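Keep in mind it's a predicted model, so treat the numbers as computed, not measured.
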Amino acid sequence: MTVAAKVSEPHLDELAKRVDDAVAALAELDPKARAVAEELKDALEAVHRAGLTTMVRRMRADDAARAVLFELVDEPVVHLLLSLHGIIRPDPLTHAGRVLESVRPQLQSHGGDVTLVRVEDGTAYVRLEGSCNGCSMSSVTLRNLVEEALVQGVPAISAVEVLPNEPSPTLIPLEALRIGPAAGRDGWAKLGPAAGLVDGDVTARSLTADSGERAEVIVVSVDHRLSAYRNECAHEALPLDNAILDAENGTLTCPWHGFCYDASSGECLSAPGAQLEQLPLRVDDGDVWVRVRG
């Protein structure tokens, strides 16, 4: 007596690979053969879509069958099949990911990219990279492209929020933090009273420590948090005296060529990897001190 071996159902990954391999092979056919193959594919998909739509409609109309339908939809293969034919909508996160894939080549052709973080309460939260995350008109256009694609392409999304990139920490040597009687000899220079720095503004100064070290610096004040940098854009070392500070978004934009920086860390948002040279800053007895020694 023989027992028929149980045939295992193919895994979703195996089925998806077969589809991907077939699509890749289709692209290599000559135009005439490819046209015939695509017509056959479209015809079969139309038959499947019509049959599946009828089945789903009938099952939804029957109280007993509706529960079975909902159980089937939770099966990965069935869910994928119904999603491919547009019979059910994919979850917003999956749908948004597909939409972003359609605009990604255009973003990358301009040196940018986008990462979908999450979709929550109708809002898609994304992080923009490279040229998408600058302050120039071209970067604004790319950001608008992402927002338009998501809002128009995903019914569940009504708004897009761009999250700030997580800046790389600027490491300051411990010995640089010493403030005291010998501060000037350690390369520290007194900038002046902290109360004299206008919040939401950029202050440029020429500083000289008692030990003779000199530096052109800028101090940026955002929500009364101070950051000091050498007064040189990371692009061409041009001065940032007239840099545009957007306190609401926490960005500092070079007035010469539009390079945009995180105002608190100095990280360049227009060209990842570039950064303003941040200088140690401390407030001692109400006075701002900046260490100008390199």
Side-chain angles (χ1 to χ4, degrees), residues 12-13 16-17 19-20 23-24 76 79-80 83-84 86 88-171 220 222-223 225 227 229 233-235 243-254 257-276 278:
L12 177 61
D13 292 340
K17 185 178 185 306
V19 173
D20 291 341
V23 171
H79 191 280
L80 174 63
S83 297
L84 288 174
I88 64 172
R89 291 175 179 170
D91 63 273
L93 189 64
T94 301
H95 197 176
R98 293 177 184 171
V99 168
L100 290 179
E101 285 301 318
S102 68
V103 301
R104 196 179 304 279
Q106 187 171 350
L107 299 176
Q108 292 177 341
S109 69
H110 289 81
D113 209 339
V114 59
T115 298
L116 178 63
V117 178
R118 67 181 185 277
V119 176
E120 187 176 284
D121 297 329
T123 300
Y125 295 85
V126 301
R127 280 196 174 92
L128 300 175
E129 304 168 15
S131 298
C132 298
N133 204 20
C135 300
S136 64
M137 288 303 297
S138 61
S139 65
V140 171
T141 300
L142 295 179
R143 291 200 298 272
N144 290 342
L145 171 66
V146 170
E147 182 174 3
E148 182 178 348
L150 288 173
V151 172
Q152 294 186 4
V154 185
I157 293 177
S158 57
V160 176
E161 183 170 330
V162 177
L163 298 174
N165 283 343
E166 299 174 352
S168 303
T170 300
L171 301 180
V220 180
V222 177
D223 290 334
R225 294 192 300 271
S227 302
Y229 306 101
C233 178
H235 178 216
I244 302 168
L245 177 61
D246 185 339
E248 182 176 352
N249 293 314
T251 59
L252 183 72
T253 303
C254 174
H257 300 105
F259 274 64
C260 186
Y261 299 89
D262 184 297
S264 298
S265 69
E267 180 186 20
C268 185
L269 305 177
S270 304
Q275 185 153 351
L276 296 178
Q278 190 167 25

When rounded to the nearest 0.5 angstrom, what is the spacing between [atom1] in [X] and [atom2] in [Y]?
{"X": "Glu148", "Y": "Arg143", "atom1": "CD", "atom2": "CZ", "value": "15.0 Å"}
{"X": "Cys233", "Y": "Tyr261", "atom1": "SG", "atom2": "OH", "value": "3.0 Å"}
{"X": "Leu145", "Y": "Leu150", "atom1": "CG", "atom2": "CG", "value": "9.5 Å"}
{"X": "Leu107", "Y": "Leu128", "atom1": "CG", "atom2": "CG", "value": "8.0 Å"}

Hey, is the main chain of [Y] close enough, under 3.5 Å, to the side chain of [X] for a donor-acceptor pair?
{"X": "Gln275", "Y": "Ser265", "value": "yes"}
{"X": "Arg104", "Y": "Asp113", "value": "no"}
{"X": "Tyr229", "Y": "Ala263", "value": "yes"}

Show your working on side chain to side chain contact (heavy atoms under 4.5 Å, CB included) between Arg118 and Leu163 and close with a plain yes or no.
-> CA-CA 11 Å; Arg118 67 181 185 277; Leu163 298 174; 4.2 Å; yes
State, to 0.1 Å, how close [X] and [Y] come at their nearest heavy-atom pair, and which atoms those are.
{"X": "Ala247", "Y": "Val222", "answer": "O-CG1, 3.8 Å"}
{"X": "Ala159", "Y": "Val151", "answer": "N-CG2, 4.3 Å"}
{"X": "Cys260", "Y": "Thr251", "answer": "SG-CB, 3.7 Å"}
{"X": "Leu116", "Y": "Gly97", "answer": "CD2-N, 3.8 Å"}
{"X": "Leu269", "Y": "Asp262", "answer": "CG-N, 3.9 Å"}

Salt-bridge test for Arg98 and Glu101: reply yes if a basic N is under 4.0 Å from a carboxylate O, no otherwise.
-> no
Could you walk me through whether Val103 and Val99 pass the side chain to side chain contact (heavy atoms under 4.5 Å, CB included) check?
-> CA-CA 7 Å; Val103 301; Val99 168; 5.5 Å; no
Would you call Val119 and Val154 a side-chain contact if the rule is heavy atoms closer than 4.5 Å?
-> no
May I have the step-by-step check of side chain to side chain contact (heavy atoms under 4.5 Å, CB included) for Val162 and Val146, ending in yes or no?
-> CA-CA 10 Å; Val162 177; Val146 170; over 6 Å; no
Assign the ring pair Phe259 / His235 to parallel, tilted or perpendicular, where the plane angle (0 to 90°) is split at 30° and 60°.
-> parallel
Could I get the full list of side-chain hydrogen bond (donor to acceptor under 3.5 Å, both in side chains) partners for Arg225, not counting sequence neighbours?
->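 Checked Arg225 against side-chain hydrogen bond (donor to acceptor under 3.5 Å, both in side chains); zero matches.
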